[in-house]
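First up is the structure itself, then whatever we jot down about it.
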Amino acid sequence: LIVMDPPWPNKSVHRSSHYETHDIYDLFKIPIPDMLSEGGIIAIWVTNKPKYRQFILNKLFPSWQIECIAEWTWLKVTTKGECISPLNSPHKKPYEQLIIGRSKTDNTHLIQLPVQHTLVSVPSVHHSRKPPLFDAFSPYLPSHPKCLELFARCLMPGWISWGNECIRFQHINYYEKEPSEMIE
């Protein structure tokens, strides 16, 4: 399983400097076909800008020999279970999309994911923090899968995390201080 949350260019992020964005065409440089096991799943978070969804489906996935097998939605709700903004808001949407693909091989022997699925949760107060996905994907993965998160912003047990901000959301309380040894 490979999960990506690319730093999509966007005006509000650029103005606020929450994180650095990258040119979307830099994603072609990531050797996904070499990293993804046969039958492996890649899931890419995408903003609600239609051109980025189309970029993944029509350019990025084909260049990696990946076919789209599902599109899931993360519905962001308040602690009272209400959408964080109106569904038809012309500006901020209360949901994000997760585009899911597999390599274009014989996948008939693999467990099929639901083509559409909705994850519902209260979003973090930290900008762009996504819900953990392992529990949602685990029924569709082999036991003890290898999991990789690209553009990670936190470390997850059992995962390989890659990116410029892998420990952004880690708190010092997660670590134990070891006594240093005296060097003579």
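We're numbering straight along the sequence, starting at 1.
At least one side-chain heavy atom of Ile30 sits less than 4.5 Å from a side-chain heavy atom of Met4. A 4.5 Å side-chain heavy-atom check between Lys146 and Met35 finds every atom pair outside the cut-off. Between Leu1 and Leu133, every side-chain heavy-atom pair lies at or beyond the 4.5 Å cut-off. Considering only heavy atoms from C-beta on, Trp74 comes within 4.5 Å of Lys130 through its side chain. Side-chain atoms of Gln65 and Pro33, non-hydrogen and from C-beta on, never get closer than 4.5 Å to each other.
Here the CH2 atom belonging to Trp8 is positioned 10.5 Å from the CG atom belonging to Asp23, to the nearest 0.5 angstrom. One finds the OG1 atom of Thr47 at 8.5 Å from the CD atom of Gln97 (value rounded to the nearest 0.5 Å). With values rounded to the nearest 0.5 angstrom, Cys83 atom SG is found 11.5 Å from Lys76 atom NZ. Taking CG of Leu113 as the reference point, atom CD1 of Ile69 lies at 4.5 Å (rounded to 0.5 Å). Separating the CZ atom in Arg102 from the CD1 atom in Ile66 is a distance of 10.5 Å, to the nearest 0.5 Å. Atoms CG and CH2, from Leu36 and Trp64 in turn, are 10.0 Å apart once rounded to the nearest 0.5 Å.
Taking all atoms of both residues into account, the shortest heavy-atom contact from Ser161 to Met156 is OG-N, 4.1 Å. Smallest separation of non-hydrogen atoms from Ile100 and Ala43: CG1-CB, 4.1 Å. Of all the heavy atoms in Ser103 and Gly39, the pair that sits closest is OG-N, 3.9 Å. Nearest approach of Trp72 to Pro114, heavy atoms of both residues: NE1-O, 2.8 Å. The minimum heavy-atom distance between Phe61 and Ile44, with the atom names listed, is CE1-CD1, 3.6 Å. Here the closest non-hydrogen pair linking Pro6 and Phe151 is CA-CD1, 3.8 Å.
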Donor-acceptor contacts under 3.5 Å from residues 134-143 side chains, at least two apart:
residue	atom	partner	partner atom	Å
Ser138	OG	Asp135	O	3.2

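Cluster membership for Leu98 and Ile84, using ILVMFWY side-chain heavy atoms within less than 4.5 angstrom, is not shared. Residue Ile32 is grouped with residue Phe28 when hydrophobic side chains (ILVMFWY) are merged at heavy-atom distances under 4.5 angstrom, including chains of intermediate members. Ile41 and Val115 are members of different hydrophobic clusters when ILVMFWY side chains are connected at heavy-atom separations under 4.5 Å.
Among Gln116, His117, Arg53, the one residue that satisfies the side chain to side chain donor-acceptor pair (under 3.5 Å) test with Glu71 is Arg53.
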Full working for side-chain contact (heavy atoms from CB on, under 4.5 Å) between Ile56 and Leu27: CA-CA 10 Å; Ile56 292 169; Leu27 296 174; over 6 Å; no
List the steps and the verdict of side-chain contact (heavy atoms from CB on, under 4.5 Å) for Lys51 and Ile24. CA-CA 11 Å; Lys51 78 175 190 177; Ile24 62 174; 5.6 Å; no
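Checking side-chain atoms of Ser85 against main-chain N and O of Lys92 turns up a donor-acceptor pair under 3.5 Å. Within the 3.5 Å criterion, the main-chain N or O of Val3 finds no donor-acceptor partner in the side chain of Trp45.
Using a 4.5 Å cut-off between side-chain heavy atoms of Ile, Leu, Val, Met, Phe, Trp and Tyr, Leu87 falls into a hydrophobic cluster with Leu75, Val77, Tyr95, Val120, Val122.
Within a 6.0 Å radius of NZ in Lys93, more than 12 heavy atoms belonging to other residues, nucleotides or ligands are found.
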